[in-house]
Amino acid sequence: MIYHRKQINPAYTKSYLLEIIGMMHSSYFRSGINFEWFSNTLTNLLLLTKSKTGIICEVHYKKDGTPYLKSNIIDNAIWSEDEKKFYSNNKDEALTLFNFSDLSKQVLQTKKAFLSNKSKTELELDEHNKNPALTNFLVLPIKGYDETIVSILLVGNNPEGYSSELIDFLDPFISTFGLLIEHDRQRLINENRERKLVSQKILFDKLAKNESLENILHSIIKSFESNISNTKCCILLLDETRKKISTCLAPGLPNFIHDLVIGLPIEDYLGSSDFLALRKETVLVNDIISRPIWEKFTDLTTKANLNSYWSIPIINRNDSIFGIVSFYHNHPHNPTEEEIGELSDIADISKVAIERKYAELEQQQAKESAEESEKKLLEAQELSHVGSWEFITETDTVTWSKELFNIFERSTDLPAPKYSEQEPFYTNESFTKLNKALLACVQFEKPYNIELDIYTSNGSIRHIISKGSVKKDKKNRIIGAYGTAQDITQKKKTEQELIKAKEKAEEANRLKTEFLNNMSHEIRTPMNGIIGFSDLLDEPDVTAEQRKEFTKIIQNSSYQLLRIIDDIIDISTLETKQDLLHESEFCLNDLLSDLFSIFNLKSKERNVAFSINKRIQDEHSYIVSDETKINKILSNLIENAFKYTHEGLVELGCYLEKDTLIIYVKDTGIGISSQNHTMIFERFSRENNDKINKYGGLGLGLSIAKENARLLGGELSLESEKGKGATFYLKLPYKSTKKSFKVVEEKRTLVISENIKPTILVVEDEEINFFYINKIFEVILKGRFKIIHAKNGKEAVGICLKDKSIDLVLMDIKMPVMDGYEAILTIKPILPNLPIIAQTAYSSESDRKKAFEHGFDGFITKPINDKILIETISKHLQNVN
Ligand code: ADP
């Protein structure tokens, strides 16, 4: 390299040089290195070197070590102040001047000054019209503490040219410059470090105080914003799906920017470079206006004075993205390396806060979900009555879940008892069983599943199923056992109940079969009597006395048969719950007297005394209840009393006990052993259920009586011992009527004048039934009635309407062509005064009720009893004359 030597006046310039160095120092220590410092320094350097133009720039190094330049100041006498400002603000552009980078490259490579007094025509690229071409120049490297080049100075266009001595002469200047620049750099680095420490301290303080993430990030943002002028910082956080922005922390940005980004689906924007940060890349947008993606928002960004934008991602340790940190600048602006550094610092520090907070959150969630699943487990255990346990052999300790405490009915206030203390918790047999199973489990790793009986705290026994398996530590050494215990007490009880119910059903089935066999026997016996003795009656040699005896047998057999049929009907109406109460006022003492007279006859036949003991005065014996049902119950009890008593006494009596009316039937018969006291009230049950039961009977009577007693609001009970007789008590609520009335004794004889012969229409489809009724009129009533026969309702209607002489109708109900109900509905509107009596095999209370509802005047059940027939006819023909 050839240097054009020129003489300098060292005396003059040396003192000037020292003056300049002094000024550089004092200015630096007054206000640090700033634009003014550079400007003054360059001006002085130009004067000192008699140069017309010059530039000072910093050298920076990228991470890979590549150097690059940023201009601090550029000077040209003919430039206006504005132009100078422009280039100092746009440092990159400044470096394009006179292809400065080429010159500097050489200096950077050689680390030596570079001088040329030749006009560099090849460098005269006059991009900026006003830029002077370099006629000559001197480029000086400035070294830092560690010999790296930190700055480059260029001066040019000295009309006298530059000499190499100038380089030595400038040495103190260069050293001072380098020193101050380096000092300033270190100061900045220290300041930065300090600031970072302060920020971190703030962060940790806030984390320690458990402040919200928002608060923490706000203060981080504020502390960074205060360091970088004209910049607003913004942290955007993603939601859990990492698909939407959920939080916008930007205290310096207006609300409409917040509104704009919150909830923004990032997918839509991922294609654009502006959201590349969300793909973990750094984004630098030096001019928002020119970015198409911002087109929709430029109104807003202009309004907010946001012109450039740089973003970097906040990435956690697992390499997934939390969000981004962005700086918005008020000018179109390319960030400096420091600014990028700031950005990454804030991302780092935010990351610490976010990670810590998210970890806390996760920890909290994990804790909650662990608690929740623990709770669910306990609930499930409670529902299924399953508890869990653990046993550590070495320490003899046992732990129980809450449900296991419940199963043992022990308080959870104390810990579960040690295994060696658990013996009293089990029955002897169960504890032995448990010991054996547990030993095999911890010695030979044999799991077990056994049923045990335990004692609860109140001494009651519960059944459990205990399951156990061996427990090992991490090194696979056996340390004890663990398992579950399920309370199966209820299950066992239900099983036993089921077995009982099954046995009961089988028993009921057996009883029913027996009943059918029995019934066949019970029906055949009276039927044989009826058929056999009816045949005998036909015999020509039968004497009058024998005839009377046979007829008696036939009558008794018929009543016996009728009773069986009545019982069967009763039980089926009770079963279908069709039997209703028909309450009325009546005199209980009269009812008992009637029963006494009826059964007195039987007492004589059986040679067993019968007495009545009415301990209620007549005036108190008027009650409201269902007379028919009481009659039925008592008839049954008295019937049984005579049936099962061979000698001694049967007593019928009644008395009051507070509000309860008690009617009893007592006998001195065979009695009933106490274990059968409940059973005999069940259907088809008899004390001696042998096939050959000398007493006969279907085992229905007492069950009907009991059910009827219940319907009356009372109960039927029994006191008896085998061989010592029995007393049955019918206990009823005592509902007395204040009004005392006397039932008018109905006349049992025909009260019709002998001079008249009333006409009776008998409506009956069954020939045999008509024949029987006709015979009663012929034989017992000696032809005192004219009888007309109709075979169905239709015929009856025709006859009634035609024959005005008919005085009374005896109407069957179930008939072909037209039934009794339909017939009466036709006749009654026309002949309302004609008495029509229903005569029917439907004998229940509801049948009776139905008949009266249809307009029948009376009701006689089949088989027709001659006495009842006469009474009823007499009653309804009283007005005939
Ligand atoms: P049945 O008398 O038709 O067998 P019940 O239901 O009336 O049916 O009676 C059930 C059983 O109760 C009888 O079979 C009999 O064993 C017993 N029983 C009923 N009343 C008496 C009584 N007064 N004395 C002894 N045993 C009786």
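The shown structure was predicted, so the numbers you read here are calculated from the model rather than taken from an experiment. These values consider heavy atoms only, across backbone and side chains, with no hydrogens, waters or symmetry-generated copies.
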Salt bridge between E355 and K351, side-chain N to carboxylate O under 4.0 Å?
no
Step through the shown structure and confirm whether more than 12 heavy atoms of other residues, nucleotides or ligands are within 6.0 Å of CG on N190.
yes
Looking at K502 and E506, is any side-chain nitrogen of the basic one under 4.0 Å from a carboxylate oxygen of the acidic one?
yes
Could you tell me whether R462 and D487 have a side-chain N and a carboxylate O separated by less than 4.0 Å?
yes
Does the pair S430 and I454 meet the rule for a side-chain contact (heavy atoms from CB on, under 4.5 Å), with working shown?
CA-CA 8 Å; S430 288; I454 60 162; over 6 Å; no
Does the side chain of I181 come within less than 4.5 Å of I142's, by heavy atoms?
no
Could you tell me whether H218 atom NE2 has more than 12 heavy atoms of other residues or ligands within 6.0 Å of it?
yes
Give a yes or no on whether the backbone of C233 and the side-chain of E225 come within a donor-acceptor separation of less than 3.5 Å.
yes
Not counting sequence neighbours, which residues clear salt bridge (Lys or Arg N to Asp or Glu O under 4.0 Å) with K357? List them please.
E360
Check this for me, if you would: do R710 and E707 make a salt bridge, where the nitrogen-to-carboxylate-oxygen distance has to be below 4.0 angstrom?
yes
Considering only residues two or more places apart or on different chains, which pairs with a residue in residues 429-463 satisfy ring-ring contact (aromatic ring centres under 6.0 Å, His included)?
Y419-F431, Y426-F431
Criterion salt bridge (charged side-chain N to carboxylate O under 4.0 Å, His left out) on K492 and E451, from CA distance to verdict
CA-CA 11 Å; K492 261 215 139 133; E451 223 177 290; 2.5 Å; yes
Basic-acidic side-chain contact under 4.0 Å: K433, E429
no
Considering only heavy atoms from C-beta outward, does the side chain of Q486 approach that of I464 to under 4.5 Å?
no
Could you tell me if the ring centre of F408 sits under 6.0 Å from that of F425?
yes
Surrounding NZ of K491 (heavy atoms of other residues, nucleotides or ligands, distance under 6.0 Å), is the total greater than 12?
no
Which distance, rounded to the nearest 0.5 Å, do you find between the CD1 of I392 and the OG1 of T399?
7.0 Å
Take E371 and K375 through the salt bridge (charged side-chain N to carboxylate O under 4.0 Å, His left out) test and state the conclusion after the steps.
CA-CA 6 Å; E371 279 171 3; K375 200 174 132 215; over 6 Å; no
Within the structure provided, determine whether R477 and K472 are in side-chain contact (heavy-atom separation under 4.5 Å).
no
Check the pair N307, Y328 against side-chain contact (heavy atoms from CB on, under 4.5 Å), reporting the backbone distance first and the verdict last.
CA-CA 7 Å; N307 291 301; Y328 288 89; over 6 Å; no
Any non-hydrogen side-chain atom of I346 less than 4.5 Å from a side-chain atom of F327?
yes
Any chance you could lay out the salt bridge (charged side-chain N to carboxylate O under 4.0 Å, His left out) test for K209 and D205, step after step, and finish with the verdict?
CA-CA 6 Å; K209 282 188 202 148; D205 278 356; 5.6 Å; no
For a side-chain contact (heavy atoms from CB on, under 4.5 Å) check, start with the C-alpha distance between Q422 and V398, then their side-chain angles and the critical distance, and finish with the verdict.
CA-CA 10 Å; Q422 285 196 6; V398 175; 3.7 Å; yes
